[in-house]
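First comes the structure, then the notes that go with it.
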Number of protein chains: 2
Amino acid sequence: MSWPPFDNLCLTPPPEAAAPLGPCLHCQVRHLSVCAVLSHEEINALDTAASLQVLAPGAVLARQGEQRRHVFTVTRGALRLVRLSADGRRQVAGFALPGDFVGLSGAAAHQNDIEALGETELCRFGLDAMQRLGEQFPHLRGKLLERACDELDSAHERMMSLARMNPTERMADFLLTLAARQARAGMPGPSLVLPMPRADIADHLGLTVETVSRCLTALRTRGLIALPGTYRVDILDRRGLETLKAA
Amino acid sequence: MSWPPFDNLCLTPPPEAAAPLGPCLHCQVRHLSVCAVLSHEEINALDTAASLQVLAPGAVLARQGEQRRHVFTVTRGALRLVRLSADGRRQVAGFALPGDFVGLSGAAAHQNDIEALGETELCRFGLDAMQRLGEQFPHLRGKLLERACDELDSAHERMMSLARMNPTERMADFLLTLAARQARAGMPGPSLVLPMPRADIADHLGLTVETVSRCLTALRTRGLIALPGTYRVDILDRRGLETLKAA
DNA sequence: CGAGGATTTGATGTGTATCAAACGCGGTGG
DNA sequence: CCACCGCGTTTGATACACATCAAATCCTCG
């Protein structure tokens with residue numbers, strides 16, 4: 001029985017759990033081992049199974065339909081998970097930021113293209129190694145199950161966005177979610193860095209590039225955000241954005 | 001550490017797995033135990049932890065925000081999982097049909113209202129019992145993890161629908177998915193029973209009732225389906241529907 | 001400095017929501 | 001048994017939000 005995998009599973013650790021543990025042997029970053037709240041024995045086993053990988057901007061880590069062989073933790077940069085339909089329609093299923101866990105799903109093949117947004121560093125685990133670890137440490141599976149459940153909840157949340165929110169509301173929601181993730185990854189504060197171009201945001205939110213652009217300027221005009229650069233957003237009025245999104 | 005839960009986890013068994021095992025002691029239906037491909041010991045433990053529950057049409061099984069205490073397997077009838085936003089926008093996150101597993105999520109509280117669509121029968125498991133079983137049989141967690149992964153995959157699939165398909169395509173997708181689920185549950189054939197009213201379909205697909213109605217008549221006009229009754233759909237041209245959805 | 005691509009801004013069209021009304025059907029009471 | 005009522009569904013007319021098409025601007029990099 002093969003070890004059950006994820007696509008875009010976010011295993012970002014809660015900050016408090018990170019404190020007592022050292023970084024990964026390979027990538028010098030506190031990653032999966034930290035997140036899963038494992039014993040030191042388990043952590044060492046995980047870190048030993050890992051190896052480092054660096055991707056150039058735009059590099060392709062996996063293609064839709066390809067056999068899955070590894071799972072990854074992003075340690076620097078960012079990935080996008082892209083789904084293309086037969087007639088060329090594109091959807092960005094999600095983005096993986098530092099601390100996120102990527103590359104697994106219920107299927108034997110990748111469900112998404114996985115591409116590096118900038119120069120990106122990963123910590124890689126072989127599927128077979130993960131399976132062994134899962135058998136060796138049942139606890140690990142329990143932790144991963146919790147994570148999967150969280151991921152499911154957030155997937156339902158995003159469905160609500162796509163189904164029932166207008167473009168501006170989706171944009172506000174997106175910015176707040178991204179801000180929360182950057183905060184969890186240790187970069188709090190109102191200043192956001194968007195690692196992806198507008199087209200990816202559009203395909204993530206089910207909009208067009210033009211609409212994304214218009215929504216951003218609308219939010220700026222309302223004084224909710226500032227746009228100091230193409231890839232930077234400062235959140236000026238968090239409350240205002242939250243009101244919009246909840247609306 | 002509390003046992004990790006799901007919302008709308010579908011544990012419908014693959015037909016071949018169901019054969020060698022008997023029905024649940026309580027509800028006479030092959031449910032979770034069958035799905036998870038467990039040992040007989042595990043199955044008995046699960047079934048012993050279960051109890052039967054019957055809901056009248058429209059009955060509320062859980063409310064958004066309520067503390068979670070049980071998980072359920074639907075054995076007859078159907079449930080809808082509904083999410084309401086502050087300003088009254090409504091989304092149906094999913095439907096649970098016989099064989100589906102429901103009521104868990106990463107959170108301590110229910111994320112959705114759960115309501116019976118018709119008279120509905122459930123098999124109920126206490127969360128504490130599930131936690132004990134998970135500790136006792138690590139295998140169970142592995143199986144549930146697999147299921148969670150599958151559920152995540154299908155969630156991504158539905159996001160693609162919501163983000164990038166037009167109403168008719170979503171409708172075709174919905175009908176095919178429903179047909180596949182009824183087939184898995186042992187009712188194959190082109191004749192579909194919709195356990196839910198149009199409004200629920202609309203809120204599931206991010207549309208209005210009017211649009212749902214128009215899409216159905218459009219599919220009928222094209223000769224892809226027949227509508228022998230408000231709650232019945234016959235699939236006349238499966239290929240045609242698949243072409244639409246894939247488009 | 002110039003070229004190419006990404007982003008923004010502008011003008012127009014269309015698909016779906018919205019508003020409104022008719023229809024069908026099941027249940028109830030006469 | 002039939003007439004009536006209420007609700008869900010279907011059908012129709014209209015409005016508008018966002019997509020589409022087109023062009024200007026900005027930014028990056030050679």
Side-chain angles (χ1 to χ4, degrees), chain A residues 56-58 80 87-92 115 117-119 161-175 192-222 225-233 244 247, chain B residues 57-58 80 87-92 115 117-119 161-172 174-175 192-222 225-233 244 247:
Chain A
R80 65 169 168 241
D87 63 342
R89 277 179 283 192
R90 183 172 181 270
Q91 167 153 47
V92 174
E115 300 160 350
L117 281 165
E119 182 169 300
S161 285
L162 290 172
R164 289 298 181 212
M165 286 183 178
N166 68 36
T168 310
E169 292 165 347
R170 284 184 227 178
M171 199 65 223
D173 186 34
F174 175 71
L175 292 176
L192 261 182
V193 175
L194 306 178
M196 72 294 282
R198 300 286 188 266
D200 288 344
I201 300 179
D203 286 337
H204 185 57
L205 301 180
L207 305 170
T208 61
V209 206
E210 295 93 326
T211 301
V212 166
S213 176
R214 280 187 247 268
C215 287
L216 283 171
T217 63
L219 292 176
R220 179 168 53 74
T221 306
R222 292 210 221 173
I225 62 174
L227 297 167
T230 307
Y231 292 95
R232 285 199 44 207
V233 177
L244 251 188
Chain B
R80 65 170 168 240
D87 62 343
R89 278 180 281 193
R90 183 173 181 269
Q91 167 152 49
V92 174
E115 299 160 350
L117 281 165
E119 182 169 300
S161 287
L162 290 172
R164 288 298 179 211
M165 287 183 176
N166 67 36
T168 310
E169 292 166 346
R170 284 184 226 177
M171 198 65 224
F174 175 71
L175 292 177
L192 262 181
V193 175
L194 306 178
M196 73 293 283
R198 299 289 187 264
D200 287 344
I201 300 179
D203 286 336
H204 185 57
L205 301 180
L207 305 170
T208 60
V209 208
E210 294 93 326
T211 301
V212 166
S213 176
R214 280 187 247 268
C215 288
L216 284 172
T217 64
L219 292 176
R220 179 168 54 74
T221 306
R222 293 210 221 172
I225 61 172
L227 297 166
T230 307
Y231 292 95
R232 285 200 42 207
V233 177
L244 251 187

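Order of the sequence lines fixes the chain letters, A, B, ..., with proteins taken first and strands second; residue numbering starts at 1 for each chain. Keep in mind that this is a model prediction, so the values were computed, not measured.
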Between B:Arg89 and A:Arg164 (side chain of the first, backbone of the second, donor and acceptor by atom type, cut-off under 3.5 Å), is there such a pair?
yes
A:Met165 CE to D:dA17 C1', straight-line distance once rounded to whole Å:
17 Å
Please report the distance, rounded to the nearest Å, between CG in A:Leu162 and P in D:dC18.
14 Å
Atom pair CG (B:Leu219) and CG (B:Leu175), whose distance is rounded to the nearest 0.5 Å:
6.5 Å
B:Leu194 has an atom CG; how far is it from atom P of D:dT9, in whole Å?
10 Å
Pairwise N/O distances under 3.5 Å, protein to nucleotides 4-8 of chain C:
| from | atom 1 | to | atom 2 | distance (Å) |
| --- | --- | --- | --- | --- |
| C:dT7 | OP1 | A:Arg198 | N | 3.2 |
| C:dT7 | OP1 | A:Tyr231 | OH | 3.4 |
| C:dT7 | OP2 | A:Arg198 | N | 3.4 |
| C:dT8 | OP1 | A:Arg198 | NH2 | 3.0 |
| C:dT8 | OP2 | A:Arg198 | NE | 2.8 |
| C:dT8 | OP2 | A:Ser213 | OG | 3.2 |
| C:dT8 | O5' | A:Ser213 | OG | 3.1 |

Within the structure shown, what part of the strands sits under 4.0 Å from B:Gly206 by heavy-atom distance: base, sugar-phosphate, or nothing?
sugar-phosphate
Give the rounded distance in Å between these two atoms: CZ of B:Arg90 and C1' of C:dA17.
17 Å
Donor-acceptor contact below 3.5 Å, side chain A:Thr221 vs main chain A:Thr217:
yes
To the nearest Å, how far apart are B:Asn166 CG and D:dT20 P?
11 Å
Would you give the length of the straight line joining atom CE of A:Met165 to atom CG of A:Asp173, rounded to the nearest 0.5 angstrom?
5.0 Å
Rounded to whole Å, please give me the gap between CZ in B:Arg232 and C1' in C:dC25.
17 Å
Whole Å only: how far is the CD atom of A:Glu169 from the P atom of D:dA17?
13 Å
Protein-nucleotide distance (B:Leu207, atom CG; D:dT9, atom C1'), rounded to Å
16 Å
Can any side-chain N or O of B:Arg198 pair as donor or acceptor with the backbone N or O of B:Thr230 at less than 3.5 Å?
yes
Does some side-chain heavy atom of A:Asp203 sit less than 4.5 Å from a side-chain heavy atom of A:Arg80?
no
